[in-house]
J.: 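Attaching a single structure in structure tokens format; questions to follow.
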Amino acid sequence: MKTVILRRILLLLPMLLAISFLSFALMSKSPGNYLDTLKLNPQMSQAKIDKMTVEFGLDKKWYVRYGLWLRNAAKLNFGESFHYKQPVWDVITARAWNTFILSSVSLVLTWGIAIPLGVLAAINRGSLFDKVTSFLAFMSLSFPNLFLALLALFFAYITGWLPVGGMRSVDHELMTSGEQFFDILHHLVLPVFVLCFSGVAGLMRLMRGTFLENMRADYVTTARAKGMPEGQVMFKHVLRNAINPMVTLFGFSVAGLLSGAVIVENVLGFPGLGQLALEAFFAKDEFLVMASILMASFLLIMGNLLADILLVAVDPRIRYE
Amino acid sequence: MRLWSVIAGKSGMHLGIFLFTGLALLVSNCGKRAAREPFVDRNPPVQDADVAPDPVGHYGGVFKDNSTSDPKTFNPIMAEETSSTQILGFIFSGLTRLNPKTQKVEPALAKSWEVAADQKTWTFHLRQGVRWNDGQPFTADDVLFTFNEIIYNPKVINGVIDLLQVDGKNFKVEKIDDFTVRITTPDVYAPFLIFIGTDILPKHKLKKAVDAGVFESTWSVSTDPKEIVGTGPYKIMKFYSGQRTVLERNPYYWRVDTAGKRLPYIDHIIFSVVSDANAMLLRFLAGESDMYGVRPEEVAMVRDIQVKRKDFEVVDRGPSTSRSFFWFNLNPGKNKNTGAPFVPSQKLAWFSNVKFRQAVAHAVNKQGIIDTIMLGQAAPLHSMEGEASKWYNPAIKKYEYDLERSRALLVEAGFTFKDSKLLDEKGNVVSFTIFSNKGNNTREQMGLIVVEDLKKLGMAVDFRLIDFNALVQKISDTYDYDCIMLGLTSGAPDPASGLSVYMSNGRMHQWYPRQPKPATPWEAEIDVLMQSQLKTLDETKRKQMFDRVQLIMTEQMPYIYLVTPRTYVAYRSKIKNIDFPPQGSEQWNFDSWYMEDVQ
């Protein structure tokens, strides 16, 4: 087990290297650079554009720039954002916490709702409950997130019960800490709802499927024949077997914790990393894009590792040698 | 039965959490606003305070505004885009300022000035008793520091310097005494008073950074807001990345109302980041922002709501500063690597023919674009200069939609029509491609209409959408295109800001940029006019010259203009003293605004 973990961590480095190389190459090879927007500004002088080109190193060949970036990255210096004129990690960490709050709350809620619902639907297959949840699930799956986010905004506006986007009230600073806590919760309702709405549907259907599959397995018949109580059959045996593929999925969702939900963040004005990365990407703020990609990849790899470790914990049949 | 209870117990817990959260949220909605104490002015009055002419209001209130993205820097010299400058405009002030209402230069940190008989030596008398927002006195040293050590510092790359030079030579900025500054320009410089109004920075805060050579990265958005020191009506209270910037009043501000009360009236300004335009509208309607630029397609809806609610106003501010146009590539150069011309010679021959360009201008149905795409909320565009500007020349040539006139012009230019196709003298079919950038719906539709219009003249026109960055490369680096359609915002306060567009060696002279020498007689004439209008302080003479430039531009039609959307602004009725200028920022007299509902 330990060697497996060690090996995975050792593999992390070449993997990140390859990812960084590919993203840098693709970004540099696509037309244009950060200065393009400035070039269309009549008030911007040629001298200033030339100076900035040299200052940002944009006059050099892309592989030279990649080499320089790599050398600095090896010293854990990931460069400065062109736009913000600050180290990229400062820019990212300012947003990371927001994204983390949003993602973790919706992650917990999504899983907490989807797994029991899926199990219930599977056990009571064909019942009214199953039909209603299936209907709701298919409906939410066919609902684009963008549209749902807009509807949610509209709902907030019509009823006035919830804030129209954002993460904190305008007068957040003037509140007591208790009020501030509830203020953030208040603002989380809409984005969490939108994120959960589609997340729950997919997961629930998946859980229901794998659970049903396992309910038909021979060991269930055996257990029932031995007179094992139904609750024990379902939750001690079927659930533990059915949860395996979900654990792998869980690993992936952990990776999503910090990559943010671009659409929801943009429409609901949530100050997360997705919004930041998208803006950086369009502005060709290279180092900021690189840092976001690296962070997302790192989390994805770590999330995978976590899923593998969890699998060992829940399934005694799985052992790494 | 047992099964159910087990499950109910499990999911019931989640349900419980969910309900609890919901309940807590509803409760939290009540009693949120902490009472704020009204502002009491405890600082000594400014000796030379500037008196704002607007009606007297009262203190208090919060003005909530939106911006599409975060400010990128709090350093006014380094700020490049509106999300930063929009905020910094409240924090800093300069020696002079341009009043967009009268389009005249007014005193700001300088209470008065005179110019010597040589028209090059200016003497500025600074206001006495002005303080920075940290309480330090403002003196001539700050002015000298800003010009000599920052703007004219060769190590500080900045965009301000270009407006404060004549023929590449710096102004001489000298101190006469603590409150008198003499500025000498190398030659007569017409827009001097406008551009000398650049933001003045505090020597006591920035001297160290400048000496250490790190000025460019000081005052970033992560700097402690207390360090950002200016003389504007507000100061930065707090910045939350991706969320908002909160400003609070500068208790040392140097303007007062007619009753002698120190401005500004409104306690706080909050800029929230809202990147989605639909969300911006909803936030305005829900009362979470106080001002909103209504998009043309929303005007009818917003007006309907306004009639029912009456708590806000919708104002038509007339044609905006955003302009859509297209131009043909007139660049006769060749690609250095391949030797291939940027534009094939037969195409260049068409495009260079002024009658061809005029014919195209007559063929564009601007009213059609306005009616179908802009839902009537736009105006036809005839020139780069806005009609609201005092520099606008009403005598320019306007091109009405007239296909007969177009055909006649094309025949005059030697083109022939055959089987509903347009042929040139050598029998080539006239065909070309218009490029534009992806992602702008309105422009995409405009392009399609223009293509249809030009097809009526027998031209085979292709409309292609490419990536924005790729488009900019074509415009400024590779020059390999026939025709480009673009939209730009230009609300230039002075003809001098159009130099890079009008001058034939200009970077923004898009149809053929950076010419070694003027390619045509009319471009040569514009060069001379643009240069000489810079060298006189007589505004009537300048206007005459600039009128002539505008006339030449519309006779030669290097740019073929489309439309300009009208701007509509919605704002809360409780805000008083709002005074919309014909063009420019609606918040220009923000320090006099007050909220009727706070006492």
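Here the structure is a predicted model, which is why all the values come from computation and not from measurement. Residue numbers start from 1 in every chain, and the chains themselves are labelled A, B, ... in the order their sequence lines are given, proteins ahead of strands. Note that these values count all heavy atoms, side chains included, but never hydrogens, waters or copies made by symmetry.
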J.: Name the region of B:Leu285, side chain, backbone, both or neither, that has any atom closer than 4.5 Å to a heavy atom of chain A.
T.: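 Answer is both: backbone and side chain atoms of B:Leu285 are under 4.5 Å from chain A.
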J.: Which bit of B:Arg283 comes within less than 4.5 Å of chain A, counting heavy atoms only: side chain, backbone, both or neither?
T.: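 Both backbone and side chain.
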J.: Give, as side chain, backbone, both or neither, the part of B:Glu216 having an atom under 4.5 angstrom from any heavy atom of chain A.
T.: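 Contact with chain A: backbone and side chain both.
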J.: Given heavy-atom pairs under 4.5 angstrom as the criterion, report whether the side chain, backbone, both or neither of A:Asn98 touches chain B.
T.: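 A:Asn98 touches chain B through side-chain heavy atoms alone.
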J.: What part of B:Leu499 is in contact with chain A, defined as an atom under 4.5 angstrom from a non-hydrogen atom: side chain, backbone, both or neither?
T.: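 It is neither, since no heavy atom gets under 4.5 Å.
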J.: Within a reach of under 6.0 Å around OH of B:Tyr152, are more than 12 heavy atoms found that belong to other residues, nucleotides or ligands?
T.: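 Yes.
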J.: Looking only at side-chain N and O atoms, does A:Ser81 offer a donor or acceptor that is under 3.5 Å from a partner on B:Lys72?
T.: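 The criterion, which ignores hydrogens and geometry beyond distance, is not satisfied for A:Ser81 and B:Lys72.
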J.: Where do A:Asn124 and A:Asp130 come nearest, in terms of heavy atoms and distance?
T.: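 Between these two residues, the closest heavy atoms are O-CB, 3.5 Å.
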J.: So which of B:Glu81, B:Arg244, B:Gln473 has the largest heavy-atom pair count under 4.5 angstrom toward chain A?
T.: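 Among the listed options, the one with the most contacts to chain A is B:Arg244.
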J.: Counting only heavy atoms closer than 4.5 Å, note whether A:Phe82 contacts chain B via side chain, backbone, both or neither.
T.: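 A:Phe82 has no heavy atom closer than 4.5 Å to chain B.
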J.: Decide whether A:Gln180 and A:Ser177 meet the rule of one side-chain donor and one side-chain acceptor closer than 3.5 Å.
T.: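 No, because no side-chain N or O of A:Gln180 sits under 3.5 Å from a partner of the opposite role on A:Ser177.
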J.: Measure A:Ile49 against the heavy atoms of chain B and call it side chain, backbone, both or neither at under 4.5 Å.
T.: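 Answer is side chain: those atoms of A:Ile49 sit under 4.5 Å from chain B.
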J.: Could you tell me whether a side-chain N or O of B:Ser436 sits under 3.5 Å from a main-chain N or O of B:Met485, the two making a donor and an acceptor?
T.: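 Looks like yes, one N/O pair under 3.5 Å.
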J.: Measure B:Ser222 against the heavy atoms of chain A and call it side chain, backbone, both or neither at under 4.5 Å.
T.: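 For B:Ser222, heavy atoms of backbone and side chain both lie under 4.5 Å from chain A.
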J.: So for A:Phe154, is it side chain, backbone, both, or neither that comes closer than 4.5 Å to the heavy atoms of chain B?
T.: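 Looking at A:Phe154, backbone and side chain both touch chain B.
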J.: Go through B:Ala286, B:Ser69, B:Ser84, B:Ser241 and name the one with the most non-hydrogen pairs under 4.5 angstrom from chain A.
T.: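 Maximum pair count with chain A is reached by B:Ser241.
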J.: Does A:Lys51 have more than 12 heavy atoms from other residues, nucleotides or ligands lying within 6.0 Å of its NZ?
T.: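 Above 12, so yes.
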J.: What residue, out of A:His83, A:Met52, A:Glu80, A:Met167, has the most heavy-atom pairs lying under 4.5 Å from chain B?
T.: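 It is A:His83.
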J.: With distance as the sole criterion, is a donor-acceptor pair present between the side chains of B:Ser275 and A:Gln275 under 3.5 Å?
T.: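 Result is yes, a qualifying pair exists.
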J.: With chain A as the partner, which of B:Asn278, B:Asn158, B:Leu486 has the greatest number of non-hydrogen pairs under 4.5 Å?
T.: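 Option with the greatest count: B:Asn158.
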J.: Assess the side chains of A:Thr53 and A:Asp59: does a donor N or O sit below 3.5 Å from an acceptor N or O?
T.: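 Result is no, nothing qualifies.
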J.: At a 4.5 Å cut-off on heavy atoms, which part of A:Leu153 comes close to chain B: side chain, backbone, both, or neither?
T.: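 Contact with chain B is through both the backbone and side chain of A:Leu153.
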J.: Minimum heavy-atom separation for A:Leu288 to A:Ser292, with atom names?
T.: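 Shortest heavy-atom contact: O-OG, 2.7 Å.
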J.: Quick check on B:Val221 against chain A: is it the side chain, the backbone, both or neither that has a heavy atom closer than 4.5 Å?
T.: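 Both parts, backbone and side chain.
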J.: Between B:Thr73 and B:Asn75, is any side-chain donor less than 3.5 angstrom from a side-chain acceptor?
T.: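 There is no such pair (donor and acceptor under 3.5 Å, judged by atom type) between the side chains of B:Thr73 and B:Asn75.
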